[in-house]
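Down below is the structure, laid out as structure tokens.
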Amino acid sequence: MTKSELIDAVARRSKITKSRAEEVVNCVFDSMTKALERGEGIEIRGFGSFTVRQYKPYNGRNPRTGKSVPVPEKRLPFFKVGKELKELVNDGTGTIELDDEDDADGDLDGDDTDD
Amino acid sequence: MTKAEIIDSVYENVGGFSKKESAEIVEAVFDTMKEVLADGKKIKISGFGNFVVRAKKERMGRNPQTGSPIPISARRVLTFKPSQVLKGTLNPHKSSAGQQPGALPPRAGEGSASS
């Protein structure tokens with residue numbers, strides 16, 4: 001689902017126009033972005049929480065060449081899934097959509113925020 | 001930041017919705033996202049990030065107290081990958097996404113090698 005599909009779904013669900021739904025969805029993610037920018041966490045009960053983690057500078061590697069690359073200090077948002085959503089996802093039976101990674105983001109510092 | 005604050009932000013910034021309507025639409029946003037993720041589908045919010053469901057195979061873990069191996073059952077987990085835009089917002093000092101001008105390999109032994 002893309003953001004515009006989410007907007008369509010919210011419009012249908014709340015019986016409002018798409019442009020009104022778009023304003024709300026944009027406002028939701030804008031305010032979340034601003035909170036993270038301030039270094040503030042976000043807690044959405046039943047969904048999950050976001051925290052900002054501060055990383056010290058370290059030497060990473062270019063995964064293609066194996067060369068050492070200095071990685072400056074940085075802040076990254078970190079998402080922890082909430083209990084309810086965690087259970088919903090784990091109990092789900094629908095076919096999992098693969099992460100097609102079509103939005104290439106040239107991560108050279110190997111900081112793929114995975115577990 | 002809590003969901004109540006997101007609702008306030010929608011109420012104040014979008015306009016034309018009562019507090020109650022703002023609350024209902026914000027709920028619709030997160031409820032829709034939960035249903036989509038429970039169905040194994042991913043959600044891509046441009047400028048914010050992607051929520052992706054992943055299937056994990058069963059693997060062996062350890063009881064950290066006793067050190068004895070215990071199987072961790074196969075499960076579905078939700079991961080969040082922040083977008084480059086969001087990462088950039090949290091790290092304004094860092095030059096934009098992926099392209100580090102200084103990342104060229106140092107050319108060794110470059111000197112006047114003219115015969």
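What you see is a predicted model; the values in this text were computed from it and never measured. Just so we're on the same page: letters track the sequence lines, and every chain starts at 1. Excluded from the calculations below are hydrogen atoms, water molecules and symmetry mates; all remaining heavy atoms, backbone and side chain alike, are included.
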[X] versus chain B, heavy atoms under 4.5 Å apart: side chain, backbone, both or neither?
{"X": "A:Val81", "result": "side chain"}
{"X": "A:Glu84", "result": "side chain"}
{"X": "A:Thr93", "result": "backbone"}
{"X": "A:Glu40", "result": "side chain"}
{"X": "A:Thr2", "result": "both"}
{"X": "A:Ile7", "result": "neither"}
{"X": "A:Arg13", "result": "side chain"}

Give the member of [options] that has the highest number of heavy-atom pairs under 4.5 Å with chain A.
{"options": "B:Glu24, B:Lys34, B:Lys41, B:Lys3", "value": "B:Lys34"}
{"options": "B:Leu78, B:Asn13, B:Ile7", "value": "B:Leu78"}
{"options": "B:Thr2, B:Ile25, B:Ile43", "value": "B:Ile25"}

Check whether [X] reaches the backbone of [Y] with its side chain - one donor and one acceptor, N or O, closer than 3.5 Å.
{"X": "B:Arg75", "Y": "B:Ser73", "value": "yes"}
{"X": "A:Ser14", "Y": "A:Ile16", "value": "no"}
{"X": "B:Arg54", "Y": "B:Val77", "value": "no"}
{"X": "B:Asn91", "Y": "A:Arg75", "value": "yes"}
{"X": "A:Ser31", "Y": "A:Cys27", "value": "yes"}

Exercise. Is B:Phe80 linked to B:Val85 within one hydrophobic cluster, defined over Ile, Leu, Val, Met, Phe, Trp and Tyr using a side-chain heavy-atom separation of less than 4.5 Å?
Worked result: no
Exercise. Honestly curious: do B:Val14 and B:Val26 fall in one hydrophobic cluster under the side-chain, below-4.5 Å linking rule?
Worked result: yes
Problem set entry | Electrostatic pair B:Asp8:B:Lys19 at N-O distance under 4.0 angstrom | yes
Problem set entry | Salt bridge flag under 4.0 Å for residues A:Glu22 and A:Lys18 | no
Seminar exercise, completed: One option among A:Asn90, A:Asp91, A:Thr95 has the most heavy-atom pairs under 4.5 Å with chain B, and it is A:Asn90
Seminar exercise, completed: One option among A:Lys34, A:Glu23, A:Glu5 has the most heavy-atom pairs under 4.5 Å with chain B, and it is A:Glu23
Is chain A contacted by the side chain of [X], its backbone, both, or neither, given a heavy-atom distance below 4.5 Å?
{"X": "B:Val36", "result": "side chain"}
{"X": "B:Phe51", "result": "side chain"}
{"X": "B:Glu35", "result": "side chain"}
{"X": "B:Asp39", "result": "both"}
{"X": "B:Leu86", "result": "side chain"}

Exercise. Closest heavy-atom contact between B:Arg62 and B:Ile70?
Worked result: C-CG1, 3.9 Å
Exercise. Do other residues, nucleotides or ligands put more than 12 heavy atoms under 6.0 Å from the NZ atom of A:Lys3?
Worked result: yes
